[in-house]
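The following block contains the structure, expressed as C-alpha cells.
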Amino acid sequence: MQVINGKEVAASVLTKVQQDIEALKQAGVVPGLAVVLVGEDPASKVYVGSKVRKCAELGMNSRKIALPTETTQQELLKVVAELNADSSIHGILVQSPPPPHIDEAAIVRAIDPRKDVDGFHPENVAKLVLEDPSGFVPCTPLGCMQLIKSAGVETQGAHAVVIGRSMIVGKPMASLLMAKGADATVTVAHSRTRDLAQLCRTADIIVAAVGRPEMVTADFVKDGAVVIDVGINRVEDASREKGYRIVGDVKYSEVVQKCRAITPVPGGVGPMTIAMLMANTVKACRQQALL
Ligand code: NDP
C-alpha cells in the first residue's frame with residue numbers, strides 16, 4: 001500500500017517551476033499573477049494569502065487586489081479589463097466565491113483566456129475537451145493527474161469512477177482521464193447516481209470530489225484500487241484547539257486497508273492545487289512572451 005505524498009510531488013513540481021521562472025528571467029520576463037479578492041470571506045483570504053506567498057517564494061511577481069464586498073459587477077469588470085491590458089500580468093484569477101450579487105460566470109468570461117490560469121473560461125474548457133495543449137486546465141484535477149502519474153498508476157484501459165460533476169473538479173477530471181494518452185474508461189457519478197457503492201466497487205481508480213466528509217467507505221472500494229481524495233471538509237472536533245479538523249471525502253482509516261494507493265487529507269491533493277496554479281502561470285507567461 002502506497003500513501004501518495006502530495007507535499008513531495010508538489011515540491012518537485014515547484015522545483016521545475018522555479019527553474020522555468022529563472023529561465024524566463026534570463027530571457028527578460030518575470031511571470032506575474034494577479035489575484036482578485038472581493039469581500040471578506042475568511043477561507044478565501046487564506047487561499048489568496050497562500051497564493052501570493054507562493055509567488056514570492058518562487059521569485060514570481062504577484063499583485064493582490066482586495067476589493068470591498070460592495071464592489072459592483074461593473075467595477076469588477078473594469079479591474080479585470082485593466083489586468084487583461086497589463087503586459088506585466090500573465091495570469092489572472094478572481095477568487096471564488098465572490099459575493100452573491102456578482103455574476104461569477106460573466107467575470108470568468110471577461111478574463112482574457114490567455115491569462116485564465118484557473119482554466120475556467122469557456123475557451124479553455126473547450127480546449128480541454130478538444131485536447132488542445134495550449135489551453136489551461138483547472139489546477140485541482142491537473143494536480144490529481146500528476147499524483148496518479150507519480151504513483152505509477154496505469155490508467156490505460158482502467159475503469160475510473162469520478163464522484164462529482166463540478167466544472168472545477170469532476171468534469172475536467174473526467175476529461176483528463178479519458179484523454180488520449182491517459183486512456184481510462186471513465187464513469188462520472190453525482191448525487192442522482194444509483195447504487196454508488198456498487199458502481200465504485202467496479203473502479204480501478206476512484207476520484208472523490210463530493211464535499212461530503214468521509215462518504216467513501218471501505219465498501220465502495222475493491223481490493224487494490226487507487227483512491228484520490230479531493231475533499232476538504234471541516235468537521236467539529238472538540239479535542240483540537242481550533243474546534244475542528246479537516247477530513248476528506250474518503251474514510252481514510254477504513255479505505256487505506258483495502259487500496260493499493262491513496263492520497264491523504266491534508267497533504268494529498270491540496271498542495272498540488274497551488275503548485276499547478278504556479279505552473280499554469282509560468283505557462284501563460286511563456287505563451288504571452290512567445291518563449
Ligand atoms: P461541488 O459542490 O461543486 O460538487 C460536488 C459534486 O458532488 C456534485 O456534482 C454533486 O452532485 C456531487 N454529490 C453531492 N452529494 C453526492 C452524493 N451523496 N453522492 C454522489 N455525488 C454527490 O464541489 P467541488 O467539486 O467544488 O468540490 C468537491 C470537494 O473538493 C469539496 O470538498 C471541496 O472542498 C474540495 N475541493 C478541494 C480542492 C483542493 O484543492 N484540494 C479544490 C476544489 C475543491 P450534483 O451535481 O448532482 O449536485
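Numbering of ligands and ligand atoms starts at 1, following listing order. Predicted, not measured: the structure shown is a model, and the values here were computed from it.
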Heteroatom proximity flag, T273 to ligand 1, N/O under 3.5 Å: yes
V108 vs V94, side chain to side chain contact (heavy atoms under 4.5 Å, CB included): CA-CA, chis, key distance, verdict: CA-CA 8 Å; V108 167; V94 179; over 6 Å; no
When distances are taken from atom 26 (O) of ligand 1, the protein heavy atom at minimum range is S166 OG, 4.0 Å
Write out the residue and atom name of the closest protein heavy atom to atom 8 (C) of ligand 1, then the distance separating them to 0.1 Å. R165 N, 4.0 Å
List the steps, then state whether side chain to side chain contact (heavy atoms under 4.5 Å, CB included) holds for C139 with I274. CA-CA 7 Å; C139 302; I274 194 160; over 6 Å; no
For atom 48 (O) of ligand 1, which protein heavy atom lies nearest, and how many Å away is it? S191 OG, 3.7 Å
What atoms of ligand 1 come closer than 4.0 angstrom to any heavy atom of G164? 6 (C), 7 (O), 9 (O)
Relative to ligand 1, is M215 under 4.0 angstrom through side chain, backbone, both or neither, heavy atoms considered? side chain
Tell me, with the steps shown, if Q2 and R260 meet side-chain hydrogen bond (donor to acceptor under 3.5 Å, both in side chains). CA-CA 6 Å; Q2 182 184 4; R260 117 130 167 72; 3.1 Å; yes
Ligand 1 versus T140: contacting region, heavy-atom distance under 4.0 Å: side chain
Out of G268, P271, G211, P213, who is nearest to atom 31 (C) of ligand 1 when you count heavy atoms only? G211
Derivation of the side-chain hydrogen bond (donor to acceptor under 3.5 Å, both in side chains) call for H159 and T185: CA-CA 5 Å; H159 182 209; T185 304; over 6 Å; no
Scan side-chain atoms only and decide if S166 and K171 contain a donor-acceptor pair under the 3.5 Å cut-off. no
Identity and separation of the nearest protein heavy atom to atom 21 (N) of ligand 1: H190 C, 3.1 Å
Please work out, at 4.0 Å between heavy atoms, whether the side chain, the backbone, both, or neither of I232 comes within that distance of ligand 1. both
Flag the pair K78 and E75 as a salt bridge only when some basic side-chain nitrogen lies within less than 4.0 angstrom of an acidic carboxylate oxygen. no
Number the atoms of ligand 1 from 1 as they appear, then name those within less than 4.0 Å of a heavy atom of V230, with their elements. 30 (O), 35 (C), 36 (N), 37 (C), 41 (N)
Would you check, one step at a time, whether the test side-chain hydrogen bond (donor to acceptor under 3.5 Å, both in side chains) holds for H90 with T281? CA-CA 7 Å; H90 307 96; T281 306; over 6 Å; no
Within a distance under 4.0 Å of any heavy atom of L196, pick out the atoms of ligand 1 and give their elements. 19 (N), 20 (C)
Just to confirm my output: which protein heavy-atom neighbour is closest to atom 27 (O) of ligand 1, and how far is it? V169 CG2, 4.4 Å
Can you tell me which residue and heavy atom of the protein come closest to atom 15 (N) of ligand 1, and the distance to 0.1 Å? R212 NE, 3.0 Å
Please walk me through it: do I89 and L33 pass side chain to side chain contact (heavy atoms under 4.5 Å, CB included)? CA-CA 6 Å; I89 294 296; L33 174 68; over 6 Å; no
In plain terms, say whether K16 and D20 are close enough for a salt bridge, that is, a side-chain N and a carboxylate O under 4.0 Å apart. yes
Dump the intermediate steps for side-chain hydrogen bond (donor to acceptor under 3.5 Å, both in side chains) on K51 and Q95, then the final yes or no. CA-CA 10 Å; K51 288 167 189 175; Q95 185 64 46; 2.7 Å; yes
Got a sec: does the NZ of K25 have more than 12 other heavy atoms crowding it under 6.0 Å? yes
Can you list the atoms of ligand 1 that are under 4.0 Å from a heavy atom of V269? 41 (N)
Tell me the protein heavy atom at minimum distance from atom 13 (N) of ligand 1, and give that distance in Å. V210 CG1, 3.5 Å
Quick one: which ligand 1 atoms are inside 4.0 Å of a heavy atom on G270? 41 (N)
Residue-ligand contact A209/ligand 1, heavy atom below 4.0 Å: yes
Give the numbers and elements of all ligand 1 atoms closer than 4.0 Å to a heavy atom of N233. 32 (O)
Heavy-atom distances under 4.0 Å decide this one: backbone, side chain, both or neither, for T193 against ligand 1? neither
Side chain to side chain contact (heavy atoms under 4.5 Å, CB included) for L93 and L277? Distances and angles first, verdict last. CA-CA 10 Å; L93 71 86; L277 175 66; 3.6 Å; yes
